Amino acid sequence: MTANKNEQLIGKSVPRKEGRKKVTGQALYVDDLTFPAMLHGATVRSPVARGRIREIAFEGDVPWDEFTVVTAKDIPGENYVALILNDQPYLADEVINHPEEPILLLAHMDKYLLEEARRSVRIEIEELPAILSLEDSVGKKQIVWGEDNVFKSFLVDKGNVDDVWSKADFIVEGEYHTGAQEQLYIENNGAIAIANLEDGVTVWGSMQCPYYVHKALIKLFGFPEDKIRVIQTETGGGFGGKEEYPSMIAGHAALLAWKSGKPVKMIYDRAEDMVATTKRHPSRTRHKTAVAKSGKLLAMEIDFVIDGGAYCTLSPVVLSRGTIHAAGPYFCPNVRIQSRAVATNVPPHGAFRGFGAPQSIFALERHMDKVAKAVGLTPDEFRRRNFIRESETTATNQTIREKVDMEGLLERAFELSDYYVKRERFVKENGAASQTLDRSVGERGSSPTVREGVIDQSRGSAVSADVVDRALTPSPTVGLLPRSASALPPSRIRKGIGFASFMHGAGFTGSGEVYLQSVVGAEATAEGHVRILAASTEIGQGTNTIFSQIAAETLGIDYDLIEVTQPDTGNVPNSGPTVASRTCMVVGKLVESAVLGLKQTLIGAGLLRDGYTQSEFQDACREHIKRFGPLKALSKYQPPPGVHWDDEKYEGDAYGAFAWAVYVAEVSVDSLTYEAHVDDFIAVQEVGRVINPVLATGQIEGGVAQAIGFTLFENVVWENGRMINNQMTNYIIPTPADIPPIRVYFEENPYAYGPAGAKGIGELPMDGPAPAILNAIENATGVSFNRIPLMPESIMEGSAAGQ
């Protein structure tokens, strides 16, 4: 078989590389590993949100002389987790800044005695006033970080927003809130460490980013790079929760190993993992939008704030992505986005799938429905008139150079969901006393109808989104809170349908990829196999599989001849973190380039000709290694041509490419229990070329399911800065009964600088479901809800207020 006739692998659903080991139990997770004389480690944490440590006492009937105890004074290097601002200590020394903050570490061979010892440590703390909400932080009720509680701020300024307000026909304002969300990966955080002066530090752990941990341990111990080794074990999910936090648990295990002279294993149970580790940033977004009578956007002013928790962690990059996505897939000539990440005295928030975009896109897509009502257009027609197109510019003045067909995606999603028929049918079935706005403006695309008294720009007045909702939404007999039993409608169920249109940038923002300078290696063996050397991790999303498909197709050899080396900082180059929808598009492209380097080396040595067969490739590898030694090629990231970003102005090409999508949700709302249920879900997206259809579909299905939890179920309950529903019995996630059929469709538009034309995909499905679902709930109930998670209690209260 010749290479150019080899069976095509790109676009084919080949078996997962690690699938057999996982389903047969051969895959080893960190808790499966043991070492001779290994100790177990535990963390003693703060019970208060803010205060000063006055005394630590070791009490109870515990043989304390058998324990290894580590405090901040035992740290050999720097007492901070090296990341962005380096403000988070590994162990609190004097000051406590959040509940569950680590204060000291314990290790013992008996993990049951270890737990008793942890409960027997008494910490006397002088409590200080704490900031426990985003609003109090913004209002500077107390200053708990820096001079103003602000970790980071951004300003995106396009055109001249201030000149527009007096000329606008409509001005619509709204405020939107999102809550925290727990990543709830299957496998909890865990690490094992061995540390001594001669060999340095070696850590095995469940993680997304081995080189993040490597960087952090260098600072913690003050060792040179070659004295720190980090190995990723099989990892049972991450979703961003294992991006930066493994640096903390790995550091703790290493400190205990350093002091004890023995291997130390630290594995969190579910309750500790949920209460102590990072979550999705809660957010507040305020929109002020100017629109012409034609329905064209004139100006967007957006204030976006996220709650970073007690320390900075990754808040600046989460804020950055949320800021850039806040104006969505629309062309607007004048845009101002001001954003801040603020400090509170809750455990630090961190990375979570979507990285700030789900928060800001939720606000935007809820607001777009409101603006459409104010103008007198259907939600879809308003968007049609404002979708961004090729050669137009985004909020950051990035010129769109790729073909963008948001209208085509919209039509496809509507066709698949039967959107227009269902929207009209649901109105009738819900028994509305008067027609909805969508029908009152006639057919889609008709001239806008301005409703008297909604907004009177001639008097310089502006109506808030909530007022607009009440003015334009009929008071139907479908109200969810009937005043008497006789007023009950024939059916308790109210049906609705809604959609969201959005995009997601692939890769690190702006100059991020240039800064990372990611490297991937490829190495041939004497048997003609090819090893991929990268630090990008397999966390369930299919990294090993797609890397193998890309490499095999590029070389024209069998998929089974490709091996992906276990991420180990002692053996693989730094290909960057496994985050930001970059693994396929950015790192996959480097895989493609690296294996091309092998091929070119063999051709250049005269050992291979064009049109080679697989056996000829294998023979060439064997001969090259025999003659010249190891056959290896490295590929280093180079930005696509014409990409420019200005960090100071926060302007330019934010991403090399965007994925584009329209999602449609169909919902039912029970007027007795006030529960909302998603009945059907259509996800249509353009993600460049699809490498593996089964894996890609799984990414979309999983993201949508996770987003349904974010929208309707996953309510983090805080008490004095601490999560108090930190168990799976009271932190509710969707079950299979709560997940609708998720119908996934891809439209392919290959991206020239992605491997085989692929873009990123992993975070996209987290962005659109929340606004689509709430838009559908409003369609069903006639009541606008602008805060998630939307619990039944909130639906009940909102329905009562709307009567």
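For clarity, every value in this text was computed on a predicted model and none was experimentally measured. For reference, positions follow the sequence shown, starting with 1. These numbers come from the heavy atoms of this one structure, side chains and all, not from hydrogens, waters or symmetry mates.
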*Below 4.0 angstrom, N of the basic side chain to O of the carboxylate: do Arg340 and Asp303 qualify?*
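Looking at Asp303 together with Arg340, the answer is yes, because their closest N to O distance falls below 4.0 Å.
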Show every donor-acceptor pair shorter than 3.5 Å between a side-chain atom in residues 247-255 and any protein atom, with sequence neighbours excluded, or say none if there are none.
{"residue": "His252", "atom": "NE2", "partner": "Tyr90", "partner atom": "O", "Å": "2.8"}

*Quick one: salt bridge (charged side-chain N to carboxylate O under 4.0 Å, His left out) pairs with a partner in residues 504-516, sequence neighbours left out?*
Glu513-Arg582
*Could you give all pairs that pass the salt bridge (charged side-chain N to carboxylate O under 4.0 Å, His left out) test and reach residues 264-274, with sequence neighbours left out?*
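Salt bridge (charged side-chain N to carboxylate O under 4.0 Å, His left out) check on residues 264-274 returns Asp31-Lys265, Arg45-Glu272, Arg118-Glu272.
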Which heavy atom of [X] sits nearest to which heavy atom of [Y], and what is that distance?
X: Ala343; Y: Ile131; value: O-CG2, 4.0 Å
X: Asn726; Y: Ala271; value: ND2-O, 3.0 Å
X: Ala82; Y: Lys219; value: CB-CG, 3.8 Å
X: Ala683; Y: Ile700; value: CB-CG2, 3.8 Å

_Residues that Ser133 engages under side-chain hydrogen bond (donor to acceptor under 3.5 Å, both in side chains), provided they are two or more places apart_ = Asp136
*asked:* My understanding is that only residues two or more places apart in sequence, or in another chain, count here; which of them pass side-chain hydrogen bond (donor to acceptor under 3.5 Å, both in side chains) with Lys22?
replied: Glu18
_With side-chain hydrogen bond (donor to acceptor under 3.5 Å, both in side chains) as the test, pick out the partner of Thr537 among Thr543, Asn544, Thr583, Thr578._
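The residue from Thr543, Asn544, Thr583, Thr578 that satisfies side-chain hydrogen bond (donor to acceptor under 3.5 Å, both in side chains) with Thr537 turns out to be Thr578.
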Using a 4.5 Å cut-off on heavy atoms from C-beta on, say whether the side chain of [Y] contacts that of [X].
X: Asp307; Y: His281; value: no
X: Val48; Y: Ser46; value: yes
X: Asn574; Y: Val519; value: no
X: Ile761; Y: Leu695; value: no
X: Arg280; Y: Pro358; value: yes

Rounded to the nearest 0.5 Å, what separates atom [atom1] in [X] from atom [atom2] in [Y]?
X: Asn725; Y: Glu714; atom1: CG; atom2: CD; result: 10.5 Å
X: Gln88; Y: Asn79; atom1: CD; atom2: CG; result: 10.0 Å
X: Ile724; Y: Met274; atom1: CD1; atom2: CE; result: 12.0 Å
X: Leu774; Y: Ile788; atom1: CG; atom2: CD1; result: 7.0 Å
X: Lys152; Y: Ser315; atom1: NZ; atom2: OG; result: 12.0 Å
X: Asp653; Y: Ser511; atom1: CG; atom2: OG; result: 11.5 Å

*Please work out which of the three classes, parallel, tilted or perpendicular, describes the rings of Phe221 and Trp258, given edges at 30° and 60°.*
perpendicular
Checking side-chain polar atoms at under 3.5 Å, does [X] have a donor or acceptor matched by the opposite partner on [Y]?
X: Ser575; Y: Ser536; result: yes
X: Ser206; Y: Lys242; result: yes
X: Tyr176; Y: His287; result: no
X: Thr178; Y: Gln359; result: no

_Are more than 12 heavy atoms, taken from residues, nucleotides or ligands other than Gln517, located less than 6.0 Å from that residue's CD atom?_
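Above 12, so yes.
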*side chain to side chain donor-acceptor pair (under 3.5 Å): which pairs involve residues 700-712, sequence neighbours left out?*
Arg353-Gln706
Test of understanding: with ring-ring contact (aromatic ring centres under 6.0 Å, His included), list the residues that count as partners of [X], not counting sequence neighbours.
X: His40; value: none
X: Trp645; value: Tyr650
X: Tyr655; value: His325, Phe658
X: Tyr663; value: Phe502, Phe681

*asked:* For the backbone of Ala654 and the side chain of Gln398, can you confirm whether one donor and one acceptor N or O come within less than 3.5 Å of each other?
replied: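 Between the backbone of Ala654 and the side chain of Gln398 there is a qualifying donor-acceptor contact (under 3.5 Å).
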Anything under 3.5 Å between a donor and an acceptor, one on a side chain of residues 228-238, the other on a protein residue two or more places apart or in another chain? List them.
{"residue": "Arg229", "atom": "NE", "partner": "Asp568", "partner atom": "OD1", "Å": "3.0"}
{"residue": "Arg229", "atom": "NE", "partner": "Asp568", "partner atom": "OD2", "Å": "3.1"}
{"residue": "Arg229", "atom": "NH2", "partner": "Asp568", "partner atom": "OD2", "Å": "2.5"}
{"residue": "Gln232", "atom": "NE2", "partner": "Thr235", "partner atom": "OG1", "Å": "3.0"}
{"residue": "Gln232", "atom": "NE2", "partner": "Glu538", "partner atom": "O", "Å": "3.2"}
{"residue": "Thr233", "atom": "OG1", "partner": "Gly205", "partner atom": "O", "Å": "3.0"}
{"residue": "Thr235", "atom": "OG1", "partner": "Met207", "partner atom": "N", "Å": "3.3"}
{"residue": "Thr235", "atom": "OG1", "partner": "Thr233", "partner atom": "O", "Å": "2.9"}

For residues 715-722, tabulate all N or O donor-acceptor pairs below 3.5 Å that involve a side-chain atom, not counting sequence neighbours.
{"residue": "Arg722", "atom": "NE", "partner": "Glu100", "partner atom": "OE2", "Å": "2.7"}

